[in-house]
Amino acid sequence: MYPADLLKSLELVHSTRQRRRAESLPRLEEQQRDHLLKTYHPDYKDAAFRNLRVGANKGDRVTHELADLLESFSDLDHARINLEPEFTTDVLVLGGGGAGVTAALFAESLGARVLLATKLRLGNSNTIMALGGMQASVAEEDSPLRHFADTMVAGGFAGKAPLVKALVEDGPHIVKWLLDIGVNFDRDALGNLATKKAGGLSAPRILSIGDHTGLNIMKVLKDEMRKSGRIEILEFSPAVELTTDAAGACNGAILYDLGRRRHLAVQARAVILATGGAGRLHNQGFPTSNNFGATGDAVVLAYRAGAGIEGMDSFQYHPTGVMFPDHMVGVLVTEAIRSLGAHLVNAEGRRFVNELETRDLVAAAIIREVEGGRGVRTPSGKVGVWLDIPVLEELLEKGMLKKRFPSLFKQFRRVRIDITRRPLLIYPTLHYQNGGILIDEQSESTVNNLFVAGEAAGGIHGRNRAMGNSLLDIFVFGRRAGLAAAERRGAVPGPVTLNHLTRYYDRLKSLRISSVAKSPTLFPEFIVDKL
Amino acid sequence: MLTIELEGRKIKVPEGLTVIEALWDTGHDVKRGIGCLSGLCGACTVAYLEAGAQRVRFGLGCQTVVAEGMNVIMLPYFPSRMARYDMERMTNPLQELAGHYPELTACNDCKACNICPEWIDVAGFVKTAKEGGYESTADRVMDCHMCGLCASRCPKSIAPQYVGLYIQRSCARQRPLPPNLAKRLEQMAALPADREFTQVAALNRAGLEAYCRKILDS
């Protein structure tokens, strides 16, 4: 329940609701958009970035948090570790979220032996937390070309056209596959897939399963993995290094068994990195919507093995992360709420941006309000703006919030905030790494036999990701990675080595870099900081 | 500061922490039960007894805020039997439900399973499923994140979370292909969109921008 101070600010939100409903805010002109981003978006805060000094992307601008990881050594004593493989397999999948499981399923469908290793429990990933939905151009007024154009525009034309083409063309086929294995997308009265519009989309294209889209897809995928019993699963076994052969091609990984506290080597003909993004690095001190394990391991591992990265200076700050109560800070409020017409309201009771602008613009506008002193302060000193959700009950129909957003309703019921009556205090939350390891259309990185899928992969979303494109990309590129990796099973993997590490460390040493940080991080240092 | 009993040990923790934060705050190296930290994934189920209470309650460790005198533990994963099947090969999986989960018929509606941290009426949907109300069951298990607490309580060893998932998948599988998707797939098969796309992929940045604006204006 809200304390007295916040309730007072809420009175203003309630009293201005009718006036706000009559307003329609114009979309920003190109120049205004540019100005807003450059002044307020975290990607443009120069002090938060530096240029990499080592590796394939030497000279590139990345966040300090990532540079710290890339310019450091591993905990692993690489000269002493036993490289005798404990497992050999055709395809090694690293990561147990949507991309990893999809890759494993498709690799196995071609008859490959698959081993899937994951840091936490199978399925415990950001995929489960994808609330709002997945893009796929199935609506009458839509088309793959339109999906292509929207994605390119949203990403500021920094996305790679061939990858975006793959994404949008595979979309409807992926939906068909998901339906075949029993995913229950929402339908309308005629049995059509229900489609919704979202920020920056020119046609309704968001498919959903209530507000639990990712969870329900992931449940089915996990269930599907059991059907053959041929995919071997290692839980609580994060990868801490990739291995390479004499020619520098990837041929396995070193895992760390968290339970037994020891390292083990896996030899494979192809490796698929699907360990997700870097949200838990809390760039620039932002809260995050990401799960506990999202510490950017993939980029660290692949980069040390020689892979090129792309766009790692661009992150998505989802406009509406929870700011109150304290233990829910960073938790996401789905964009679907804004697409339906909820208002963003500052401390003066005013709307300040068209809520349907792309995520980067809305986030920048909220930061502008807070930096300009028009934010609302919580008892613990955090500042946000209001998201007027109850207005939807008036705009649409009474009772719709509980029916259409059961998950959100329940999350706040636990803390005695009734979202049908009370707005939520929100602020941008670190949500998605827009860049990642550069891949081609078959999901292969610039290192031979190293495939990447999911948030770890780069080049698809450009500098801003539209809602619902990540839930699609994990299946599209998970499938492509799985199929292509399975085809490598004819090749015999050479002896497992860590020669690339020796080379990488030599470079660090020659630059006199002697970082105390160890990478990959695996888990965030969790310091409970309550005021 | 509050005094609570955490994992069998009496300790003092700051007010306002969740169970997981309290564990971290007191130096526990907890990873197995940690997931989304948003109350969505179901990895961190806890059992707790509040001061003076009679009944043990269940919740999510990342969403349960500690209170004075609370006695709380994190629950390990609960093993429950799951059937193995290939949904893609079944035309009418609902007819095969009894073969995969025969124990469902043993349910005598004792309601012991109604301890869901998501407030799902588990006993209600199990009863409905037993009576053949599959669509309604599928609807009601959408919020289930498979924590397995309900299965831990069933005297007949029913795993409601897996039965629910089987029914949810079966219902989706048995629905006809959505007409709008069927139409899009037909269009895509008939139109060599690829030719246009190949040209698009070769465009430079300015060309791409112009092309995309043209599509979006049409």
Side-chain angles (χ1 to χ4, degrees), chain A residues 120-121 124 128-129 137-140 144-146 148-150 152-153 157 161-162 165 169 172-173 175-176 179-185 187 190-193 202 209-210 212 215-216 219-220 223-224 226-227 229 236 258 289 291-292 326-328 331-332 406-407 410-411 414 523 526 528 530, chain B residues 14 16-18 21 24-25 31-32 34-41 43 62-63 65 77 82 84-88 93 118-119 138 142-146 165 168-173 175-181 183-185 188 193-194 196-197 200-201 203 205 208-209 211-213 215-216:
Chain A
L120 292 162
R121 193 175 285 160
N124 201 336
I128 280 185
M129 299 152 77
S137 61
V138 301
E140 178 84 41
L145 278 172
R146 203 163 256 286
F148 176 86
D150 280 338
M152 292 302 291
V153 169
F157 291 91
K165 170 181 183 289
E169 286 194 323
H173 300 282
V175 176
K176 169 81 166 50
L179 289 171
D180 283 344
I181 60 171
V183 170
N184 54 325
F185 286 112
R187 302 211 188 187
L190 299 171
N192 283 313
L193 290 165
S202 66
I209 306 167
H212 263 329
L215 172 69
N216 278 289
K219 284 194 303 199
V220 172
D223 202 39
E224 189 67 8
R226 299 183 196 117
K227 83 175 171 193
F236 303 104
L258 288 171
S289 62
N291 87 90
F292 188 55
D326 283 345
H327 76 268
M328 292 178 78
V331 169
L332 211 68
S407 148
K410 270 192 285 199
Q411 275 177 306
R414 286 199 193 103
F523 296 103
F526 229 98
V528 181
K530 296 271 149 137
Chain B
L17 298 191
T18 64
E21 288 169 339
W24 282 333
D25 190 72
K31 288 176 185 127
R32 287 193 85 89
I34 314 295
C36 71
L37 300 173
S38 314
L40 295 168
C41 78
C62 71
Q63 301 296 307
V65 177
Y77 168 78
M82 50 186 121
R84 184 178 287 177
Y85 42 82
D86 185 348
M87 194 67 59
E88 271 181 290
E118 284 287 291
W119 296 294
M142 285 231 294
D143 295 2
C144 167
H145 45 45
M146 317 294 282
L165 179 59
Q168 190 181 359
R169 289 186 70 180
S170 304
C171 286
R173 170 96 187 119
R175 280 178 206 139
L177 192 65
N180 54 358
L181 174 65
K183 196 166 165 197
R184 175 58 25 88
L185 290 172
M188 287 177 73
D194 210 52
E196 185 168 1
F197 253 141
V200 172
L203 291 170
R205 160 101 192 227
L208 259 180
E209 281 201 46
Y211 175 83
C212 290
R213 308 264 179 233
I215 291 178
L216 295 178

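Residue numbers begin at 1 in each chain, while the letters A, B, ... track the order of the sequences.
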Task: B:K31 portion near chain A, given a 4.5 angstrom heavy-atom threshold - done: both
Open item on the list: So which residue, A:A139, A:A161, A:S289, ends up with the most heavy-atom pairs under 4.5 Å with chain B?
Closed with: A:A139
- [ ] Name the option with the most non-hydrogen atom pairs under 4.5 Å to chain A; the candidates are B:L40, B:L177, B:V65.
- [x] B:L40
Task: Heavy-atom proximity to chain A below 4.5 Å, by part of B:I215 - done: both
Task: Carboxylate-amine/guanidinium contact A:E224 B:R169, below 4.0 Å - done: yes
Task: Which atoms of B:R213 approach chain A - backbone, side chain, both or neither, heavy atom under 4.5 Å - done: side chain
TODO: Sort B:L216 into side chain, backbone, both or neither according to what part of it lies under 4.5 angstrom from a heavy atom of chain A.
DONE: both
- [ ] Can you see which heavy atom on A:N124 is nearest to which on B:G35, and at what distance?
- [x] OD1-CA, 3.2 Å
TODO: Indicate whether any N or O donor in one side chain lies under 3.5 Å from an N or O acceptor in the other, for B:K183 and B:N180.
DONE: no
Task: Heavy-atom neighbours of B:R175 CZ exceed 12 at 6.0 Å - done: yes
TODO: Give, for atom SG of B:C41 and atom CG of A:N291, the distance between the pair rounded to the nearest 0.5 Å.
DONE: 7.5 Å
Task: Part of A:R121 within contact of chain B (heavy atom distance under 4.5 Å) - done: side chain
- [ ] Locate the shortest heavy-atom distance separating B:Q63 from B:L37; write the atom from each residue and the value.
- [x] NE2-O, 4.1 Å
Task: chain B contact via A:F157 - side chain, backbone, both or neither, heavy atoms under 4.5 Å - done: both
Open item on the list: Let me confirm one number: the CG-CD distance from B:L165 to B:Q168, rounded to the nearest 0.5 Å.
Closed with: 6.0 Å
TODO: Please look at A:L193 and chain B and tell me whether the side chain, the backbone, both or neither of the residue comes under 4.5 angstrom of a heavy atom of that chain.
DONE: both
Task: Distance, nearest 0.5 Å, that separates OG of A:S137 from CZ of A:R146 - done: 11.0 Å
Open item on the list: Closer than 4.0 angstrom, basic N to acidic O: yes or no for A:K176 and A:D180?
Closed with: yes
Task: chain B contact via A:N192 - side chain, backbone, both or neither, heavy atoms under 4.5 Å - done: both
Open item on the list: With chain B as the partner, which of A:M152, A:E140, A:Q411, A:K410 has the greatest number of non-hydrogen pairs under 4.5 Å?
Closed with: A:K410
- [ ] Using a strict 4.0 Å threshold on nitrogen-to-oxygen distance, state whether B:E88 and B:R173 make a salt bridge.
- [x] no
Task: A:L332, part contacting chain B, at a heavy-atom distance under 4.5 Å - done: neither
Task: Contacting region of A:M129 [heavy-atom separation from chain B under 4.5 Å] - done: both
Task: Option in A:I209, A:V220, A:V175, A:V331 with maximal non-hydrogen atom pairs under 4.5 Å from chain B - done: A:V220
Task: Interchain contact, B:L203 with chain A, by part (heavy-atom threshold 4.5 Å) - done: neither
Task: chain A contact via B:C62 - which portion, at a heavy-atom distance below 4.5 Å - done: backbone
Open item on the list: Ring centres under 6.0 Å, that's the criterion: do B:W24 and A:F292 meet it?
Closed with: yes
- [ ] Check each atom of A:L179 against the heavy atoms of chain B and say whether the ones under 4.5 Å are side chain, backbone, both or neither.
- [x] both
Task: chain B contact via A:R187 - side chain, backbone, both or neither, heavy atoms under 4.5 Å - done: side chain
Task: Among A:S407, A:G182, A:G191, residue most engaged with chain B (heavy-atom pairs, under 4.5 Å) - done: A:G182
Task: Which of A:I128, A:L120, A:D150, A:N184 touches chain B most, by non-hydrogen pairs under 4.5 Å - done: A:N184
- [ ] With rounding to the nearest 0.5 Å, note down the distance linking SG in B:C144 to NE2 in A:H212.
- [x] 9.5 Å
Task: Greatest number of heavy atom pairs closer than 4.5 Å to chain A - which of B:M146, B:H145, B:M82, B:M87 - done: B:M82
- [ ] Give the minimum heavy-atom separation between B:M188 and A:P172, together with the two atoms involved.
- [x] SD-CG, 3.6 Å
